[in-house]
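Comments concern the structure below.
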Amino acid sequence: MPKMVILDGNSLANRAFYALPLLTTSDGRPTNVLQGFLTMLFRLEQEQHPDYWVVAFDKTKATIRIEQYAGYKAQRKETPEGLRPQFDFLKEILAELDVPMLELAGYEADDLIAAVTKQAEAQGMEVQVYTGDRDALQLISPKTHIYLTKKGISEVECYDEHALWERYQLRPLQIIDLKGLMGDTSDNIPGVPGIGEKTALKLLWEYETVEGVLANAEKVSGKKLQSNLKEYADQARLSKTLATMLTEVPLPFSLENFIYRRPQASKVLPALNKYDLRNVARIWQERYARDGEAKKDIPEVALEQWPVRELSEEGWLAQIEQWRTSKVPLTLACRYEGTGLQGGHWLEWGIAVSGETFKLPREEGDPRVVEAWLGLLESEEVPKILADTKMTALLLGNENKTLKGVAFDLSLASYLIQSSRTKFAPLDLVKEYVPALDAFDSVTDEAAALAQVAPKYQAEIEALGLGDLLHKIEEPLSFVLVQMERQGIGIDIQQLQHFGEGISTTLKQLEQEIYALAETSFNINSPKQLGTILFEKLGLAAAKKTKTGYSTDAETLEELRSAHPIIEKILDYRQLNKLMSTYVNGLLAQEKDGRIHTTFQQTVTATGRLSSTEPNLQNIPIRLEQGRQLRKVFHPTEPGYLLLSADFSQIELRILAHYSQDPLLCESFALGQDVHTRTAAEVFGVSLEAVTSGMRRSAKAVNFGLVYGLTEFGLSRDLGIPRKESKFYIEQYFKRYSGVKQYLENVVAQAKQEGQVRTLLNRLRRIPELYHANRVQRQLGERIAMNTPVQGTAADIMKIAMIQVAEGIKSYQAAVLLQVHDELLLQVAPEDLWQVAHILKDTMENAFPLSVPMTVDCKVGPNWYDLKSYLPKVKKE
DNA sequence: ACGTTCACG
DNA sequence: ACGTACGTGAACGTC
């Protein structure tokens, strides 16, 4: 049954005005009604999911009732000063929210509500009326429920026939009689003098209606009451008439005008911000985040069943030929066994095109048909719409076929629209527009569904300006990642095992020493058991706590280093155990034919970076020498080849310089200075020559922090200095680098306005945290707003570089093996080293020119540990 | 399934 | 008074 929700605008606004303290915008406009009304509106929207909704308002002209009774509402006070303007503000915001409003000259909101209710009931709808006015209880019916505001405004109480009976022992229409007898001072309905709610109820319980009461006036107890009923009989009848909500209103339009449309974030947030309605914006944003971002203003798609066309072998050949020449986009679904790199292979294809589907199974298929089909998949000319380009390309690659002609990748599109999404399976992609869908019945069903939602994704990509990012960066990048994953990186298993044996020996020793010092054996890997030993048995002072108990992380233990000899052993144990379990054992488990093939995830991070799994080759140790040794086991897959690494120098700070145009930061890069040294000179007010290593270290931490959204706490912790000192550094920094300060403030302010930020290449990240009820979360949102454009732009630039590098080195004996955010690792034949290194450096430095120069440092060597600088930086004139 | 810890940029 | 630097993935223990 469709659901119609009707709101009594005037009544609710009044309620809100009196229920809430008088809040104002910074320039003094009152907003408490807006806050109260909208809070309630959003709550009911979320809880009730109306199919139709409308807010009714009084029209401030003479109403029919004044013709009936000159005194009607005469006693009513002037609308209070603070309330009146809020009606206009409210209507303005409701318009932005696409909430239909209804007002009609000569009628009160009450009457409009009654008329809409009756009409909606007649059309078989369920009706909910939200009001603070008990008069509306007269509308209750099996189909209509009234929601009365409780104490505040956002709390409501639902009345149906049963609840009404519980409360008053009256039937809905008797509410009119109740008012006829007792009157209503606020509307100046007189009623009968001496009759309040108590007496009126008693009379109605006995005699049902005003007419019944008047007819039996002699029988009622109480002389004064009897005489009043006689004297004011006409007034009682008139009062009853005045209290009756009119249902015969000539509504100038149909209920279709009240169809619910999901408010659009792009209109809602600016409208709320205009009135400083931060709390309301927060509620909206939370709801919007919970519901799933992309659903916001997207209509659901009604999936059609597309018929499956059966073809003979000759028919298939003819059909494939027809697709080859017609070049209509084919939407593909693929069922397969195994996974991309583990020799997985396709089982059947679902093909959807122009309202029809086709199923091509590998098994019964005529080999000629399969060959022809694979030829089509390899054709650049035939456009394909796919759910997962990378997996498809890997599967085809397993039989030496090269996927070409990808016109639209739905997973990547969805990721660009909602970078926070976690599920990109075909069913998830379709469910975004067809929430009720549970499963696909067949591969043709899946292809048809994908084909029907694809235009929605395409439209959304266009609307958000993400087309170039999708087609020029993410889609081409998929193919580069496929090459890299297939190539893998060489790993020296024997060396790794040897490395592991050394660690094992040390670990066993440390284990025994720890047990001896603790005078008991326990599981050192259990933070819980370790905490008990350290802080209870050994009585060490617990500094931090976690949710579940004592904190035993390295930072905490470091503080205790001098307190007990066991601490140092534990820290060593932890470090070695990490190397052993995650790296030695982890990598050994992943090795195949002397190589490691990672999987690069292209739709995981919120910022646009890649991630690497099974194994993660983006977090191989480097900072500590002991772990760094591990890099010795990584080498080229081809004998005699060299590893060539290239990393962007200070890419994030350069992007910050570009964004902020801060003169000092830009100059520093333009002159090719050491940026940390320059920062130290500025912050400490000394010459470049006078910068000490300590000063540089502090400045470096500040520079790092900047990119993360600098905090006093973070900096003080990072440098191990008091908050006061870190505060001083930050102040000094922003004094000198005021352009950076200005930029960071601007990006946060803009993010709060728009609820999102973008990178230089237009990548989008929505930031619901900015509107979270929790302050800590909101501050996180601000740091995200500062960090994402910088980190995300770096990711964009690296992706462009990867595509160009892969293309640029094609004719050389070289391959890209890994990407580690700001580093590319290649292997190259010695004879091609010089040329490939030049191409690499040149391509990366010019992938996306900024207003400051980009510098790439190259290194070369036999393995990932022994790398020496190559192509030393050329001083620019 | 979740929390803690720690490896990387 | 609180809880904090941004972005990830893996191993392990605990529930």
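All heavy atoms count here, side chains included; hydrogens, waters and symmetry mates do not. Sequence lines set the chain letters: A, B, ... in the order given, protein chains first and strands last, and positions in each chain run from 1.
The nearest pair of heavy atoms linking W864(A) to L818(A) is CH2-CD1, 3.6 Å. Among all heavy-atom pairs drawn from H821(A) and L610(A), the shortest one is CE1-O, 3.5 Å.
For T552(A), no side-chain nitrogen or oxygen approaches OP1 or OP2 of dT4(B) to under 4.0 Å. The phosphate of dG9(B) has OP1 or OP2 within less than 4.0 Å of a side-chain N or O from R623(A).
Atom pair R631(A):CZ and dA7(B):C1' shows a separation of 10 Å (rounding to whole Å applied). Put simply, CG on L825(A) is 13 Å from P on dG9(B), counting in whole angstrom units. The distance between atom CD1 of I622(A) and atom P of dC8(B), rounded to the nearest whole Å, is 8 Å. A straight line from CD1 of I503(A) to P of dA7(B) spans 12 Å, rounded to a whole angstrom. The CZ-P distance, from F704(A) to dG9(B), rounds to 9 Å in whole Å. Residue D796(A) contributes atom CG, which lies 16 Å from atom C1' of dG9(B) at whole-angstrom precision. The distance between atom CG of L706(A) and atom P of dG9(B), rounded to the nearest whole Å, is 19 Å.
For Q791(A), whose side chain is taken as the heavy atoms from C-beta onward, the closest listed nucleotide among dA7(B), dG9(B), dT5(B) is dG9(B).
When atom types are taken as modelled, the side chain of R631(A) and the backbone of P621(A) share a donor-acceptor pair closer than 3.5 angstrom. No donor-acceptor pair under 3.5 Å is formed between the side chain of T613(A) and the backbone N or O of P615(A).
Using a 4.0 Å cut-off on heavy atoms, the residues of residues 569-577 of chain A that approach DNA chain B are R574(A), Q575(A), listed by number. Contacts between residues 594-612 of chain A and DNA chain B, defined by a heavy-atom separation under 4.0 Å, are made by R609(A). Taking every heavy atom of residues 778-788 of chain A and every atom of DNA chain C, pairs under 4.0 Å involve Q779(A), L780(A), R783(A), I784(A), N787(A), by number. Contacts with DNA chain B (heavy atom under 4.0 Å) in residues 525-550 of chain A: T546(A), K547(A), T548(A), listed by number.
No side-chain donor from either of E513(A) and Q509(A) sits under 3.5 Å from a side-chain acceptor of the other. For the residue pair E614(A) and T598(A), no side-chain donor N or O sits within less than 3.5 Å of a side-chain acceptor on the partner.
Within the structure, every pair that satisfies the side-chain hydrogen bond (donor to acceptor under 3.5 Å, both in side chains) test and touches residues 482-493 of chain A, not counting sequence neighbours, is listed here: K390(A)-E485(A), N398(A)-R486(A), Q487(A)-T637(A). Sorted by first and then second residue, the side-chain hydrogen bond (donor to acceptor under 3.5 Å, both in side chains) pairs involving residues 707-722 of chain A (not counting sequence neighbours) form an empty list.
Using a 4.0 Å cut-off between charged nitrogen and carboxylate oxygen, K859(A) and D647(A) count as a salt-bridge pair. In summary, E558(A) and R561(A) engage in a salt bridge, as defined by a charged side-chain N under 4.0 Å from a carboxylate O. Salt bridge R763(A)/D796(A): present, at least one basic N to carboxylate O contact under 4.0 Å. Between E591(A) and R595(A) there is no salt bridge, since no side-chain N of the basic residue sits under 4.0 Å from a carboxylate O of the acidic one.
When the options K700(A), R696(A), Q650(A) are evaluated for a side-chain contact (heavy atoms from CB on, under 4.5 Å) with D674(A), the one that passes is R696(A).
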Worksheet item: Where do T788(A) and V790(A) land on the side chain to side chain contact (heavy atoms under 4.5 Å, CB included) test, with the steps shown first?
Response: CA-CA 5 Å; T788(A) 297; V790(A) 172; over 6 Å; no
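With ring centers used as reference points, Y865(A) lies 6.0 Å or more from F634(A).
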Side-chain donor/acceptor pairs under 3.5 Å, residues 497-506 of chain A, sequence neighbours excluded:
residue	atom	partner	partner atom	Å
S504(A)	OG	G500(A)	O	3.3
T505(A)	OG1	E501(A)	O	2.8
T506(A)	OG1	G502(A)	O	3.0

N/O donor to acceptor pairs below 3.5 angstrom from side-chain atoms of residues 534-546 of chain A, sequence neighbours left out:
residue	atom	partner	partner atom	Å
E536(A)	OE2	Y550(A)	OH	2.8
K537(A)	NZ	A518(A)	O	2.5
K544(A)	NZ	D553(A)	OD2	3.2
T546(A)	OG1	T548(A)	N	3.3
T546(A)	OG1	T548(A)	OG1	3.3
T546(A)	OG1	G549(A)	N	3.2
T546(A)	OG1	G549(A)	O	3.2

Without placing hydrogens or testing angles, list every side-chain donor-acceptor pair under 3.5 Å for residues 731-740 of chain A, not counting sequence neighbours.
residue	atom	partner	partner atom	Å
R736(A)	NE	E682(A)	OE1	2.7
R736(A)	NH2	E682(A)	OE1	2.7

Give every donor-acceptor pair under 3.5 Å between a side-chain atom in residues 777-784 of chain A and any protein atom, sequence neighbours left out.
residue	atom	partner	partner atom	Å
R778(A)	NH1	H772(A)	O	2.9
R778(A)	NH1	A773(A)	O	2.9
E782(A)	OE2	K752(A)	NZ	3.1

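Residue A554(A) is classed as a sugar-phosphate contact, given heavy-atom separations below 4.0 Å to backbone atoms only. Within the nucleic acid shown, E614(A) comes within 4.0 Å of sugar-phosphate atoms alone, with no base atom in reach, counting heavy atoms only. When heavy atoms are screened at a 4.0 angstrom cut-off, N616(A) is found touching the sugar-phosphate backbone but no base atom. When heavy atoms are screened at a 4.0 angstrom cut-off, A701(A) is found touching base atoms of the nucleic acid. Looking at heavy-atom distances under 4.0 Å, V707(A) makes no contact with the nucleic acid at all.
In the 5' to 3' direction, nucleotides of DNA chain C lying under 4.0 Å from heavy atoms of chain A begin and end at dC2(C) to dC15(C).
Stem regions annotated for DNA chain C: B:1-9 with C:6-14, counting only runs of 3 or more consecutive pairs of Watson-Crick or G-U type with both contacts under 3.5 Å.
Note that the CZ atom of R628(A) and the CG atom of L579(A) stand 14.0 Å from one another [nearest 0.5 Å].
When the C1' atom is compared between dC6(B) and dA1(C), the two are found 30 Å apart, to the nearest whole Å. Comparing the P positions of dA5(C) and dT5(B) gives an interatomic distance of 13 Å, to the nearest angstrom.
Residues H821(A) and V776(A) each lie close to DNA chain C; by heavy-atom proximity, the contact nearer the 5' end of the strand is made by V776(A).
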